[in-house]
Amino acid sequence: MQYNHKEIEQKWRKHWEENPINVETPDKKPYYCLDMFPYPSGNGLHVGHWRGYVLSDVWSRYKVLQGHYVLHPMGWDAFGLPAENYAIQKKVHPATATAENVANFKRQLHDISAIYDWDKEVNTTDPEFYKWTQWIFLKMFENGLAYEKEMPINWCPSCKTGLANEEVKEGCCERCGSTVTKKNLRQWMLKITKYAERLLNDLEGLEWPEKVKKMQADWIGKSYGAEIDFEIEGTDEKIKVFTTRPDTLYGASFMVMAPEHKSVLSLVTDEQKEVVEKYVFDASTKSSVDRMADKEKTGVFLGRYAINPLNGAKIPVWISDYVLADYGTGAIMCVPAHDDRDFAFAKKFDLPIIQVISKDGKEAELTEAYTEPGVMINSGDFNGMPSEEAKKAIPEFLETKNIGKKTTNYKLRDWVFSRQRYWGEPIPVVHCDKCGIVGVKEEDLPVRLPDVESYEPTGTGESPLAAIEEWVNTSCPCCGGPAKRETNTMPQWAGSSWYFLRYPNPHNDKELISKEDMKKWLPVDMYVGGIEHAVLHLLYARFYTKFLYDIGVVDFEEPFKRLFNQGMVTKAGAKMSKSKGNVVSPDELVENYGCDSLRMYELFIGPPELDSEWDDRGIEGVYRFLNKVWKLVDENKEVPETRDMERIRHQLIRDITVRMEGFNLNTVVSGFMEYTNKLLDLQKKEGGLANETLRSMTILLAPFVPHIAEELWAKLGGEGSVFANTWPTYDEAKMKEDEVEVAVQITGKIAARMMISPDATQEEAIAKAKELVAAKLEGKTIVKEIYVKGRIVNLVAK
RNA sequence: GCGGGCGUGGCGGAAUUGGCAGACGCACUAGACUUAGGAUCUAGCGCCGCGAGGUGUAAGGGUUCGACUCCCUUCGCCCGCACCA
């Protein structure tokens, strides 16, 4: 009889609805397996989305079989630009469009047959959810972590909103790809930099892909160095510079300040005033892309000289846009002999190059900057010292003179947190003329997003909310006088920075999460999602968690113990997208081959962490395999378990378990295929298979292909659900072969093969091998004999 | 430019971590069953060669009894960062 996937899948889906397989009992340990929740776009799911969801569901079901009570929830990251843009275009409320998309996504997710607990669904646009998103903001505000600032920020002219640094990729908007410009705006910022050190240090203990940890570490970008004060000749001012190379201080032959440095206009001399002001103005209008694109260094002399605090040397002060205003002190000492950029600048403007570090202690003509460590030269008392030592010695000396100190710097910047768009959480503060910025009272949360006539972004840096007077005008929570609401909204990352804390008790209206649920479920045991959030969502979520730890809401500092990044599914070498027209829909595949086949094929397609090319024809092979398994059980005549069956059973359990633990899910599937072929042969040979053998395999298959596994389990006379079992265990002793094939090599070349006992001694194996290849050894002397147990004999002969 | 990863048949990919390269699957070829086959079954399938055999994991070198695996050089592809002093 053929395997009827439609009938079986329908039957068991219905059965599970009435008899859930993941139920709580006092003896079960909780396990939290989480998917990165999707943005419910109007395009629906494709086979690429399936991959991650199948992966996490297989893992969840595996944990159920290992005796866990599993939390495997799903929800919606539903604020964001696409819904808003759609709303503008179609003149429907974003909430309406979002609700439709959610319904559609939910229907499509249903086809995966994952063990989602829909009672725990969350939606970031639900006021009962974003009440807590706002609550966290208020707490940050109270703790001085949320602050307002007017500054030039990244501005996407197409999305018409400000962006965080993390949202700018290669000078372009992460979402739409437009070139990002700068705009001076009043912004809400989150002081993520306060957590830089902890965010960096705590990476160490995480079971995350090294790549992601490294990306975060690089993003945080800690560097060690020194701050050094330079007096400016003829003024009372001192300019502080930051350097990671204090060992090169004697080689500083000029100084460069960022055009935006606050002292530029006060220091500039009258003669240079005009040209400097022009340069500063030009720099302010340059986009970050233009700034990067300019390979050639530019700059102008300020007319002033700084004094090298170590040797009193007079060095010219310049300004140039290759120095960044918001890193370090916004000014640098330049050592062209030992820095590529300074070298290029010195060459361009014909500034002196003084070598102070040398490989061999001798001075030489430099054609490029020497950036390696070496021996100090031209450096007064420090001459002859290894430069790595001087890196410590010079700052220590400066500290004793009170003209400098050791310090560290981070590339991480504070998080630009406000967006000038409609479809996001309102920032819960009001502006009062008397009291200043005042947080909304906790009991008045949530601050609901009002209905507006027009969702169009204004483009002026004001949110569309600013136009709704009756919403904007309110009273001050502090003095009761007239006040205006903040009209900026939060970025899309706000909700996703903490949503995983809400799943255990989404309807709790007393607190963000109860202590009991928090202790029971969190932190997340396994988090599955794409790598695109390596420095966005994953960094923000870690920051939020640390903050919530500091204010006592949670008792752990890291939200996700283990992270798995699934690879993309590509078609024609490209990521699936509607615009490229290479989207493969799961609907037809489910119809023709069934959910089980598609689930298994999603895993079989390649190593889960790598990108894989989709080939529609491949699913056929998995479908054939399931038919084989079906026949194996359906047509079986039960016989007592033989030694061969027992051995295969234990080998199968071992191989599947080991590969499972290693997350090598593609080889789990090929393993099933391999053993099924072996069992079919054995079945033919023995006239049938033992129930025990088939039952074990059925349990192992269950996380992957749950429907057919249930049906087979029933066929095999199993009681209840296949998921009521525990994951089978294996016994090394029982999988031992009586004989193994060993290759016999003569000096590394295969000469023969022999069957021997796996317990044979080296002497026995070599003796037998020699006998076997005696003819080929004639006239040669054996100089070395190697036996690798159960694998190979190598006779090295001359 | 800096940092990280990768390179194995026509294709997706295996290889117990230094021990028989190409498991498993797709595609393909031949055959069987069939009115029929886009079903199923059997066999074959890296390359050269009728064959014995030779050769082969991007290219070249090295270590080793033995290298897809370790080391060095080169080439190619992918990802991240973007003047962070």
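Bear in mind that the values here come from a model prediction, so they are computed numbers and not experimental data. To find a chain, count down the sequence lines: A is the first, B the second, and so on, and within it residues start at 1.
Residue A:E210 contributes atom CD, which lies 10 Å from atom P of B:G5 at whole-angstrom precision. In this structure, the NZ atom of A:K749 is 16 Å from the C1' atom of B:U64, given to the nearest Å. Taking atom CD1 of residue A:I605 and atom C1' of nucleotide B:C11, one finds them 12 Å apart after rounding to whole Å. For A:N154 and B:A82, the CG to P distance is 10 Å, given to the nearest whole Å. Per the geometry, CD1 belonging to A:I656 stands 12 Å off C1' belonging to B:C24, to the nearest Å. Between A:R413 atom CZ and B:A82 atom C1' the separation is 12 Å, expressed in whole Å. One interatomic measurement links the two molecules: CD of A:E785 to P of B:G66, which rounds to 16 Å at whole-angstrom precision. At whole-Å resolution of the value, CG in A:N592 and P in B:A39 are 14 Å apart.
Both A:D611 and A:N677 sit near RNA chain B, but only A:D611 has its closest nucleotide nearer the 5' end. Comparing A:L412 and A:D218 against RNA chain B, the residue whose closest nucleotide sits nearer the 5' end is A:D218.
Which of B:C26, B:G13, B:A85 sits closest to the side chain of A:D615 comes down to B:C26. With B:C83, B:C65, B:A85 as the choices, the nucleotide that has an atom nearest any side-chain atom of A:K297 turns out to be B:C83. With B:G80, B:A23, B:C65 as the choices, the nucleotide that has an atom nearest any side-chain atom of A:S670 turns out to be B:A23. Of the listed nucleotides (B:A85, B:C24, B:C65), B:C24 has the atom at the smallest distance from the side chain of A:E674. In this structure, of B:C65, B:C83, B:G19, it is B:G19 that holds the atom nearest to the side chain of A:V788. The side chain of A:K628 sits closest to B:C41 out of B:U55, B:C41, B:G19. Taking the side chain of A:R791 as heavy atoms from C-beta on, and the options B:C24, B:G13, B:G19, the nearest nucleotide is B:G19. Counting only heavy atoms from C-beta on, A:D339 has its side chain closest to B:A85 among B:G3, B:C24, B:A85. Comparing B:G19, B:A85, B:C83 by their nearest atom to the side chain of A:V323 picks out B:A85. The side chain of A:Q745 lies closest to B:G19, out of B:G19, B:C65, B:G80.
B:U55 is paired with B:G46 under the Watson-Crick or G-U wobble criterion, all donor-acceptor distances under 3.5 Å. Taking a pair to require two hydrogen-bonding distances under 3.5 Å in either a Watson-Crick or a G-U wobble arrangement, B:C41 pairs with B:G31. Across all strands shown, B:G3 forms a Watson-Crick or G-U wobble pair with B:C79, both key distances being under 3.5 Å. Under the Watson-Crick or G-U wobble criterion, with both distances below 3.5 Å, B:A36 is left unpaired in every strand shown. With both pairing distances under 3.5 Å, B:C24 is matched to B:G12 as a Watson-Crick or G-U wobble pair. B:C65 and B:G19 make up a base pair, with Watson-Crick or G-U wobble contacts both under 3.5 Å.
Taking atom P on both B:C45 and B:U29, the two are 16 Å apart, rounded to the nearest angstrom. One P atom belongs to B:G4, the other to B:C50, and the distance between them is 49 Å to the nearest Å. For the P atom pair drawn from B:A14 and B:A30, the interatomic distance equals 31 Å after rounding to whole Å. Annotation: B:A15 and B:A85 have their P atoms spaced 41 Å apart (nearest Å). B:G9 sits 14 Å from B:G25 when the C1' atoms are compared, rounded to a whole Å. Straight-line distance between the P atoms of B:G80 and B:A58: roughly 25 Å, to the nearest whole Å. Taking the C1' atoms as reference points, B:C77 lies 15 Å from B:A59, given to the whole Å. On the C1' atoms, B:G18 is 9 Å away from B:U64, given to the nearest whole Å.
Within the 4.0 Å cut-off from OP1 or OP2 of B:C26, at least one side-chain nitrogen or oxygen of A:R624 is found. The side chain of A:Y327 contributes an N or O atom lying less than 4.0 Å from OP1 or OP2 of B:A85. For A:T667, no side-chain nitrogen or oxygen approaches OP1 or OP2 of B:G13 to under 4.0 Å.
Aromatic ring pairs are classed by plane angle as parallel below 30°, tilted from 30° to 60° and perpendicular above 60°; the pair A:Y601 and A:F604 is tilted. Below 30°, between 30° and 60°, or above 60°: for A:F564 and A:F663 the angle between ring planes is between 30° and 60°, a tilted geometry.
Between A:G330 and A:H261, the shortest heavy-atom contact is O-CD2, 3.4 Å. Contact between A:Y279 and A:D321 at its shortest, heavy atoms only, is OH-N, 2.9 Å.
The side-chain heavy atoms of A:T244 and A:Y224, taken from C-beta on, include no pair separated by under 4.5 Å.
No side-chain donor-acceptor contact under 3.5 Å links A:R654 to the backbone of A:Y730.
Looking at heavy-atom distances under 4.0 Å, A:I750 makes contact with sugar-phosphate atoms alone, never a base. Among the protein residues, A:K411 comes within range of the nucleic acid bases, having at least one heavy atom under 4.0 Å from a base atom. Here A:N666 lies in heavy-atom contact (under 4.0 Å) with sugar-phosphate atoms only.
Interface remark: the A:K169 side chain does not form any donor-acceptor pair with the B:C81 base, using a distance-only criterion of under 3.5 Å.
Syn is the classification of B:G9, since its glycosidic angle stays within 90° of 0. In this structure B:U73 sits in the anti conformation; its chi angle is more than 90° from 0.
A salt bridge does not link A:K213 to A:E204: none of the charged side-chain nitrogens sits closer than 4.0 Å to a carboxylate oxygen.
Figure legend: A:K678 and A:Y675 shown as a cation-pi pair, the cationic atom lying under 6.0 angstrom from the six-membered ring centre and within 45 degrees of its axis.
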Problem - Candidate pair A:E620 and A:R617, rule salt bridge (Lys or Arg N to Asp or Glu O under 4.0 Å), full reasoning - result: CA-CA 6 Å; A:E620 190 83 39; A:R617 291 175 302 190; over 6 Å; no
